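Convention: sequence-line order gives letters A, B, ...; per-chain numbering from 1. In this text, all values refer to a predicted model and were calculated from it rather than measured experimentally.
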Number of protein chains: 2
Amino acid sequence: MEREWTIQEAADEIGITPHTLRYYEKAGLLVPVSRNVGGHRRYSQREIDFLLFLTRLRSMGMPIQQVKKYAELARQGKDTTHERGQLLFNYRKEVCSRISELERNLKILDYKIGLYRQGWSATDGDDPCIRELRQLCTLMKNQEESIETEKDSEFTRR
Amino acid sequence: MEREWTIQEAADEIGITPHTLRYYEKAGLLVPVSRNVGGHRRYSQREIDFLLFLTRLRSMGMPIQQVKKYAELARQGKDTTHERGQLLFNYRKEVCSRISELERNLKILDYKIGLYRQGWSATDGDDPCIRELRQLCTLMKNQEESIETEKDSEFTRR
DNA sequence: TACAGAGTTAGAGCGCGCTCTAAGTCAAGG
DNA sequence: CCTTGACTTAGAGCGCGCTCTAACTCTGTA
């Protein structure tokens, strides 16, 4: 076996464009990939798998720089296992709080949609529950501001 | 009463900067706000409330253009009630699918974190469950691609 | 009245993450 | 061998959402 993929094949497999794949390489998300005699890139299963995971991180919203950090650690091998775990664990917390922020904001959206379903419009006068909505919005805003993620808290190798 | 807010006060209330507030006005998210004799902006409670809601939309990730669309409809008054409801309802669906995408990706993250907790590293050889992870990643990728939101489906004024 | 500090404008700049271009090289079927 | 299409590079461009600058004006307290 030892199958190899061209850049187009790899891109299709991963769900990005060849452009982006080269960009990721230049940006340091991957170590320069091997080439055939003519200088064309050839991707191994291992690289595809790694990229599949990196694109999951990206699609969760992890910034390129942080993905790069993770990739560099992974390249450095075993010594960085714990640090990588910590990095992913911290990011997990971020994702969780983003999810709950979305869910909190969704409540406001649902409240408004509810009003619209009843045919309400601002020109009827104030939103009947404007005070509640105002409170809700201000609350959300403040909760966002107060999210000071206490870092490195609970990830430990057991 | 009829309290008015300066741009700085309004910005503090809403949780953005005066710069951004002016930018929103220029971008058409608000109709040009009233001025005092010297030409300084003065915000009313009504405008603050409206902005509080718009910033909720923004922090859910709604693009400026779409927020603008909503704001324009709101300005046009009662006739657009249903359309505004529809707009918010469609966006609600988007937010929901983003949340579930995040949750699906979180599973992959948790899986990896689990491996790291056990002290695993890529240099030990392949991820012990690489086939599963690969499958999982590919699956996520495909689910993302196949989200073709059937628009305008279920919002109806009852 | 003076003066610090807050406000005004048009427009430039920036960080992010791609995305595309141009000009050239390689691969492979007929 | 020729041709077509995929690949290569360095670097420019872009869309988004702010964010800042410069040069100026207004406000309000001492």
Can you find a side-chain donor-acceptor pair between [X] and [Y] that sits under 3.5 Å?
X       : Y       : value
B:Ser59 : B:Arg56 : yes
A:Ser44 : A:Glu47 : yes
A:Asp49 : A:Gln45 : yes

How close do [X] and [Y] get, counting heavy atoms only, and between which atoms?
X       : Y       : result
A:Gly61 : A:Tyr91 : C-OH, 2.9 Å
A:Glu13 : A:Leu52 : O-CD2, 4.1 Å
B:Ala74 : B:Thr80 : N-OG1, 4.3 Å

Extract from the structure each pairing of a protein N or O with an N or O of nucleotides 22-24 of chain C at less than 3.5 Å, listing the distance.
none

Are any protein N/O atoms closer than 3.5 Å to N/O atoms in nucleotides 1-3 of chain C? If there are, list each pair with its distance.
none

Throw together a table of side-chain donor-acceptor distances under 3.5 angstrom for residues 23-33 of chain B, partners on residues two or more places apart or in other chains.
from, atom 1, to, atom 2, distance (Å)
B:Glu25, OE1, B:Arg41, NE, 2.8
B:Glu25, OE2, B:Val33, N, 3.4

Applying a 4.0 Å non-hydrogen cut-off, can you work out what [X] is touching in the nucleic acid: base, sugar-phosphate, or nothing?
X       : answer
B:Thr17 : nothing
A:Arg58 : sugar-phosphate
B:Pro18 : nothing

Which residues in residues 23-40 of chain B have a heavy atom closer than 4.0 Å to any atom of DNA chain C? B:Lys26, B:Arg35, B:Gly39, B:His40

Between [X] (side chain only) and [Y] (backbone N and O only), is there a donor and an acceptor less than 3.5 Å apart?
X       : Y       : result
B:Thr20 : B:Ile16 : no
A:Gln66 : A:Pro63 : no
B:Arg58 : B:Met62 : yes
B:Arg98 : B:Met60 : yes

Which residues pass the side-chain hydrogen bond (donor to acceptor under 3.5 Å, both in side chains) test with B:Asp110, not counting sequence neighbours?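 Residues passing side-chain hydrogen bond (donor to acceptor under 3.5 Å, both in side chains) with B:Asp110: A:Arg92.
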
Between B:Tyr43 and B:Phe50, is the ring centroid distance below 6.0 Å?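 Aromatic pair excluded; centres sit 6.0 Å or further apart.
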
Tell me the interatomic distance from A:Arg41, atom CZ, to C:dA27, atom C1', rounded to whole angstroms.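 Answer to the nearest Å: 16 Å.
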
Using the heavy-atom set of chain B and a strict 4.0 Å cut-off, write down the first and last nucleotide of DNA chain D that makes it in, 5' to 3'.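 So the contact region on DNA chain D extends D:dG17 to D:dT27.
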
